[in-house]
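Encoded as structure tokens, the structure appears first; notes follow it.
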Amino acid sequence: MEHGATAFVRDGVVMLGAALACVLLFRRLGLGAVLGYLVAGAAIGPQGLGLVGGAESKMVIAELGIVLLLFLVGLELHPSRLWRLRRDIFGLGTAQVVACGMLLTAVIFAFTGFSMAAAIALGLPLALSSTAQVLPMLQSSGRLNTPFGERSFSILLFQDLSIVPLITIIAALSRAPADPGAPPGWLLGIYTVLAIVGLVLAGRYIINPLFRLIGGLGERELFIAAGLFTVLAAAAVMASLHLSTALGAFVAGVMLADSPYRHEIEADVDPFRTILLGLFFVAVGMMLDLQVVAARPFFVIALAASVVIVKAGTISLIARAFGVDWRPAFALGLLLSQGGEFAFVLFAQATQAQLIDPAAASLFGAVVTLSMATTPFLMMFARRFNAKGAGPDRDDLEPPSAAMPAAAIVVGYGRFGQTVAQMLMAKAVTVTLIDRDAEMIDVSARFGAKVYYGDGTRLDLLRLAGAADARAIFFCTDDRTLGPAELEPILKAFRQAAIFVRAYDRRHLIALDGLDLAGTTRELFESAVVMGRQGLEAVGINPAEIAEVEAEYRERDRLRLERQSRSGDLSEGKEIMFRPNNAIGSDVEPAA
């Protein structure tokens, strides 16, 4: 037992050390972390230096990284938002899997000599992309919640859902004796629906009340334990039904998306996701059979290139057919052009079904790994290709994670945010600027302002922007939906920062009442008061009376807001508004 524990610790040290060294090097070279993890795994694996063995057993543990990743993605998706994406999920996703699967099957059948059944068992899995590679790239760049990110996620989600029918197809083609313990495909479909419904009900009546109970206790350790329990329990339910564990974790995340504790859950689970996802790619690199690649290098390279070209071209055309502009459509094709981690699972299923032999599974595993390695280079190309493009789906915009720490963060660099930022800069206050309007970012760059791209109302993106060290955060967008649900987690997470909000109108200001904000300013209010003063001056009112009018107007407006906030009725206090019959000096006085 001690020997096993010692070996586990030694392997962990070697894997983490190699990953650390390679990721640092590849990050410095601008090639991304994923390629660093893959190279680290290949270097220390059985086919490399042989420092660590048992890649398959380590893959089982590391796959929890994918499970945690899908859980965190689910936390970001309210059911209403998921319903809004249904066209992309079931339309764009279905078209991508079917078209890419058929084309890759045809390529394998035509050029490799495999039988049609084997070509199907190999071609369909290659239609799937790498959720574990693509989603962290979108998250780190702050683009997961953009139209481009949502389309990418929609396709990836449908790919995860398609695991069940793909397994069913392989089982139908199987040459192996039927496994009496394996459920038929139609039953797997029923299991999937029942499992999802069961998880949703469990979230509503068990998990959410559990988190409310733990929230009342205030124990951070219990939050971590409860978060991991939720993920693993959902994954275990799916695994027991021979379904995708990642899909179960995603459903668990969605059912907690409306929870007031979702940001704390996200913060507690994310470190585990980061480490395990890195180890997953190290394990993928360890499984790379370098002898197979060395025996047929041109075949592996040509097949990997075929996968990338076929998928990039097909996805780009499908995206164009769904109304996406050609630049983001091409970038989407490049982003999803690699093979995915679930291909390894389906290749194993095909081997058990006696459709392919283990050597073929190793060969195509190498193809998938090599295609994954191309993604960082393809995205570098996409950034240069899109450098002259316009629109929110561009891929050349820097995320807030690239910003240096600053004393203040200004979210929204339009007319309002520009004034706030310039006043801060006038006294040498360091400012990080965030906006999600690509055109505004380009215009600002011409005037020497560095604006980072992203949704600055998201908690994770604010952390990347250095909000934990900022002294003030200004929300200067004209978003009337920015309310307590979005601001309360930010106020709680960054207690050291003074939070200021630009209110869209009177209703928005009332909605913000009660929050511990450092300041709120109703847009147009102050400029309208200034013009009112100018108007009074123009008609001959003396300065002292103008000052009296301004003070009285502000006081009456404050009283109306107090009453409206208490009652929720905008008509409350209308009797104290200025009208021709209640000018200052008349007998009508505002009620207290």
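Note that the coordinates shown come from a computational prediction; the quantities given were computed from them, not determined experimentally.
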Neighbour count >12 (heavy atoms, 6.0 Å) for atom CZ, F90: no
Please indicate whether M425 has more than 12 foreign heavy atoms, meaning atoms of other residues, nucleotides or ligands, lying under 6.0 Å from its CE. yes
Give a yes or no on whether the backbone of Y413 and the side-chain of D435 come within a donor-acceptor separation of less than 3.5 Å. yes
Kindly state each residue pair satisfying ring-ring contact (aromatic ring centres under 6.0 Å, His included) with at least one member in residues 417-440, sequence neighbours excluded. none
Counterpart residues, side chain to side chain donor-acceptor pair (under 3.5 Å), relative to T457 (two or more places apart): D455
Distance-only, no hydrogens or angles: does the T430 side chain make a donor-acceptor pair with backbone N or O of A407 under 3.5 Å? yes
Taking D325 for the side chain and R327 for the main chain, is one N or O donor matched with an acceptor at less than 3.5 Å? no
Taking only residues at least two apart or on different chains, which pairs with a member in residues 527-549 satisfy side chain to side chain donor-acceptor pair (under 3.5 Å)? R533-E550, N542-E545
Is the backbone of S130 close enough, under 3.5 Å, to the side chain of Q338 for a donor and an acceptor to pair up by distance? yes
Taking 4.0 angstrom as the limit, do E526 and R554 come out as a salt bridge? yes
Can you check whether A468's main-chain N or O pairs, donor with acceptor, with Q496's side chain at less than 3.5 Å? yes
Exam field: side chain E488 to backbone A485, donor-acceptor pair closer than 3.5 Å: no
Under 3.5 Å, side chain of S565 to main-chain N/O of D513, donor-acceptor pair present? no
With a 3.5 Å distance limit and no angle check, can you tell me whether Q159 reaches the backbone of S129 through a side-chain donor-acceptor pair? yes
Would you find more than 12 non-hydrogen atoms of other residues, nucleotides or ligands less than 6.0 Å from Y504 atom OH? no
Is a side-chain donor or acceptor of R87 paired with a backbone partner of G91 at a separation under 3.5 angstrom? no
Salt bridge (Lys or Arg N to Asp or Glu O under 4.0 Å) with R558: which residues, sequence neighbours excluded? E555, E562
Sorted by chain and residue number, the ring-ring contact (aromatic ring centres under 6.0 Å, His included) partners of F474 (sequence neighbours excluded) come out as F500
Which residues satisfy the side chain to side chain donor-acceptor pair (under 3.5 Å) test with R522, sequence neighbours excluded? D557
Which distance, rounded to the nearest 0.5 Å, do you find between the CG of L464 and the OH of Y452? 12.5 Å
Honestly, is K492 close enough over F494, meaning NZ or CZ under 6.0 Å from the six-membered ring centre and within 45° of the axis? no
Do R560 and E575 sit within salt-bridge range, that is, some charged N less than 4.0 Å from a carboxylate O? no
